[in-house]
There are 2 protein chains.
Amino acid sequence: MELTERKKKVLRSIVDLYIRTAEPVGSKAIAELPDMNYSSATIRNEMADLTTLGYLEQPHTSAGRIPSAAGYRLYVDELMADYRLSIDEAHSINTAIEEKMQRVDKMMEKVAKLVSQATDLPAISVASRRGGTTVKRFDLILAGSGSFILVLLLSTDEVVNKLIKLPLHIAESDLKLLGAVLNATLTGLAPEEITGELLERIMNSAESAATLVPVIVDFTTETLRRSGTTNMAVAGQARLLQQPEYRNIDKAQKMLTTLDEDALSNLPAVMQNANGTKVLVGPEHVAQELKDTSVVMTKFDIGDGLQGMIGVVGPTRMDYAKVTARLSYFAESLSKMFAKPEQQSLPEGKEE
Amino acid sequence: MELTERKKKVLRSIVDLYIRTAEPVGSKAIAELPDMNYSSATIRNEMADLTTLGYLEQPHTSAGRIPSAAGYRLYVDELMADYRLSIDEAHSINTAIEEKMQRVDKMMEKVAKLVSQATDLPAISVASRRGGTTVKRFDLILAGSGSFILVLLLSTDEVVNKLIKLPLHIAESDLKLLGAVLNATLTGLAPEEITGELLERIMNSAESAATLVPVIVDFTTETLRRSGTTNMAVAGQARLLQQPEYRNIDKAQKMLTTLDEDALSNLPAVMQNANGTKVLVGPEHVAQELKDTSVVMTKFDIGDGLQGMIGVVGPTRMDYAKVTARLSYFAESLSKMFAKPEQQSLPEGKEE
DNA sequence: CTTAGCACTCAAAGGGTTAGAGTGCTAAGA
DNA sequence: TCTTAGCACTCTAACCCTTTGAGTGCTAAG
């Protein structure tokens with residue numbers, strides 16, 4: 001049996017309607033749609049066919065049909081109508097994004113919140129490093145007799161620092177010397193390349209080095225390690241409960257717990273090689289917990305060697321067209337925003 | 001009518017039992033408790049009295065009694081048995097805390113997660129600044145021909161920085177000069193004290209100052225403002241759904257939404273003058289949304305002029321004794337931990 | 001002052017019936 | 001050959017009615 005154009009049209013209508021109502025769709029409802037010029041009996045036959053083809057399912061004999069995973073897949077890949085953002089929608093997304101954002105982690109929180117608001121579903125946003133990070137440059141700034149500031153300029157152009165206080169006097173000259181040594185030996189190294197042997201050599205370089213070096217190096221390796229870590233935020237969990245399929249508390253709880261834990265942290269991996277917006281329909285998931293949940297996600301570019309991803313989690317019956325459109329637009333706007341670095345540094349822009 | 005010892009005992013038993021079962025408590029159940037040497041009829045009379053006194057409520061005629069807000073209040077203030085942490089519990093809290101924590105915001109997330117785990121309820125944790133922050137010292141580090149690093153040492157001993165790139169050449173001598181001027185004029189000032197007049201004076205100090213100063217000052221004031229902001233994290237929202245009173249989706253959703261938004265950010269204000277662990281029973285709340293919810297919270301000391309607060313949100317029927325005990329212990333352990341600053345800087349402590 | 005006993009109340013659970021939405025199939029019509 | 005009106009059939013959800021039993025307040029006796 002082949003998928004005729006009419007079958008596709010019927011399937012699309014069913015998915016559309018089901019997305020709106022969350023109720024099984026009957027033949028009559030479809031037959032009554034404006035541009036459906038067939039009787040309910042004809043639709044009924046088509047629906048029977050679509051069911052044997054595996055695109056529809058029947059909760060029970062006397063209920064309407066609901067799309068199967070395969071049905072959603074086909075819908076997402078082929079049938080779904082382009083959702084064009086209204087000017088209002090685009091505008092509200094834009095103004096939301098334009099609020100300045102500061103550090104990456106704070107930013108991911110903010111982005112997740114915005115995405116969740118825009119889609120009315122729980123959202124996740126992840127920032128992850130593309131390659132290994134190294135230190136480009138060390139600076140030691142004296143900040144009092146027993147304290148100094150360690151400043152690291154990373155290969156990502158991120159700057160990290162730490163105020164270090166020690167119970168001993170530190171000479172400015174020592175710091176200068178030590179700084180030079182650090183820059184000579186440790187720049188460009190991955191954390192695992194910083195060996196004990198290397199350290200000993202540095203230790204002998206300056207008077208107070210023996211005490212300072214371990215502290216400095218510990219902080220450095222820790223920073224490098226953490227910098228490779230992905231940074232993830234979840235927002236709007238509560239919105240899940242609006243969806244009729246999560247009115248069942250146990251289901252909702254399971255889902256929320258999954259969101260709470262990092263069960264989703266492997267999602268970015270799925271995006272690794274993909275481009276554009278990707279839809280994962282229920283049973284296609286790796287994680288068992290997400291069986292009747294779909295995820296829509298997109299990559300965007302943060303710059304500084306950071307890879308961003310935003311995603312939305314919802315029932316398999318979610319408004320794919322709308323969600324996909326908003327998400328893509330969001331990702332695009334974010335990428336654009338990060339492409340203009342001054343926008344970040346100069347918070348307001350038009351001050352006196 | 002007076003609150004006799006026996007009445008108190010009955011009330012305590014009722015609250016205890018209700019906390020365990022979440023079901024209205026009947027006279028028979030109380031009468032059958034091990035150390036209750038009265039018949040159900042007697043208990044019944046006592047319960048009737050407690051009801052007219054306002055400590056108990058009756059959902060309907062033929063149901064048992066549940067504690068009223070006043071009942072919980074009395075329970076928390078007077079009747080509740082001390083909950084002693086078992087060695088296991090204390091141990092697991094300790095090891096959880098000992099994992100090193102890095103920046104304040106990340107830390108608050110972690111703490112919230114830990115508290116939520118320890119109490120099996122949603123938790124919030126807030127860090128807020130006690131006084132206004134100022135800049136103690138500016139440093140400008142050249143980092144390439146068109147870029148430099150701005151390092152601020154704040155009055156809180158926190159260090160903040162930013163890599164600034166500009167489309168123009170910057171001379172090292174200019175930076176030095178500008179740094180000196182900044183240190184001379186802007187240190188110790190609150191953001192609102194940095195006026196346009198002051199800026200103009202600085203602008204004339206060095207060649208490229210006109211371009212650099214706005215960027216630097218914008219970042220500085222922004223940082224100072226943000227530093228005064230409270231930093232809050234919520235964790236374990238999903239656990240709320242375990243509680244029978246939140247099996248009602250609408251209620252759960254309202255509550256989760258409240259947690260999602262910052263409706264709780266005014267809670268720390270309540271703690272301002274209080275000390276130790278504080279319990280807010282349902283209707284005593286300022287926020288309308290929290291009417292049938294209790295909050296248990298405690299302050300702890302982060303150091304660096306930061307004030308921490310951890311809190312737990314749950315049904316009015318929550319195990320106050322247990323929650324209070326765990327929270328207090330948590331706060332104490334955290335305060336202790338922050339009192340030893342080296343523990344933070346030296347991640348492991350016993351390396352080589 | 002305590003308690004056994006009893007009549008009374010009322011929510012919750014069980015059971016049976018009904019309504020109606022939706023189906024598949026058949027046979028007539030285009 | 002495709003479409004559609006018509007009809008018998010299915011099955012859930014809603015409704016109503018009844019029963020059950022936990023819990024109460026009151027009374028009167030110990």
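Because the structure is predicted, anything quoted here is derived from the model rather than measured.
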If I take atom [atom1] in residue [X] and atom [atom2] in nucleotide [N], what distance separates them, rounded to the nearest angstrom?
| X | N | atom1 | atom2 | result |
| --- | --- | --- | --- | --- |
| Asp49(B) | dC26(D) | CG | C1' | 14 Å |
| Lys7(A) | dC2(D) | NZ | C1' | 12 Å |
| Glu23(B) | dG23(D) | CD | C1' | 13 Å |
| Lys28(A) | dT4(D) | NZ | C1' | 15 Å |
| Asn45(B) | dA28(D) | CG | P | 15 Å |
| Asn37(B) | dC1(C) | CG | C1' | 15 Å |
| Arg6(A) | dT1(D) | CZ | C1' | 12 Å |
| Ile43(A) | dA5(D) | CD1 | P | 12 Å |

Are [X] and [Y] within salt-bridge range, i.e. N to O under 4.0 Å?
| X | Y | answer |
| --- | --- | --- |
| Asp77(A) | Arg73(A) | yes |
| Lys9(A) | Glu46(A) | no |
| Lys251(A) | Asp292(A) | yes |

Tell me which residues in residues 55-64 of chain A put a heavy atom below 4.0 Å from DNA chain D, sorted by number, or none.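 Listed by number, they are His60(A), Thr61(A), Ser62(A).
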Classify Ser40(A) by what it touches in the nucleic acid, base, sugar-phosphate, or nothing, heavy-atom distance under 4.0 Å.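 Nothing, no nucleic acid heavy atom in range.
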Geometric cation-pi criterion Arg12(B) and Tyr75(B), 6.0 Å radius, 45° cone: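 Relative to the ring axis of Tyr75(B), which defines the angle, Arg12(B) lies outside at least one limit.
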Arg317(A) to Tyr72(A), cation-pi by 6.0 Å centre distance and 45° axis angle: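 The answer is no, since Arg317(A) fails at least one limit relative to Tyr72(A).
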From the set [options], return the single nucleotide nearest to any side-chain atom of [X].
| X | options | value |
| --- | --- | --- |
| Ser39(B) | dT3(C), dT23(C), dT24(D) | dT3(C) |
| Ala48(B) | dT23(C), dG25(D), dT3(C) | dG25(D) |
| Tyr38(B) | dT24(D), dA5(D), dT3(C) | dT3(C) |

Looking only at the side chains, is there a donor atom on one of Tyr83(A) and Ser328(A) sitting less than 3.5 Å from an acceptor on the other?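 Side chains of Tyr83(A) and Ser328(A): no pair found under 3.5 Å.
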Phosphate oxygens OP1/OP2 of dA21(C): is one of them under 4.0 Å from a side-chain N or O of Arg65(A)?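 Answer no for this pair, as no side-chain N or O of Arg65(A) is under 4.0 Å from OP1 or OP2.
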Under the side-chain contact (heavy atoms from CB on, under 4.5 Å) rule, what do Lys7(B) and Asp49(B) come out as? Steps first, then yes or no, please. CA-CA 8 Å; Lys7(B) 280 193 176 45; Asp49(B) 289 353; 3.2 Å; yes
Closest nucleotide of DNA chain C for Thr42(B) versus for Arg44(A): which of these residues is on the 5' side?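 In this pair, the answer is Thr42(B).
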Which nucleotide, in any strand shown, forms a Watson-Crick or G-U wobble pair with dC25(C), with both distances under 3.5 Å?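 Across any shown strand, dC25(C) pairs with dG6(D).
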Which one is paired to dG30(D), where only Watson-Crick or G-U wobble pairs with both distances under 3.5 angstrom count?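 Its partner is dC1(C).
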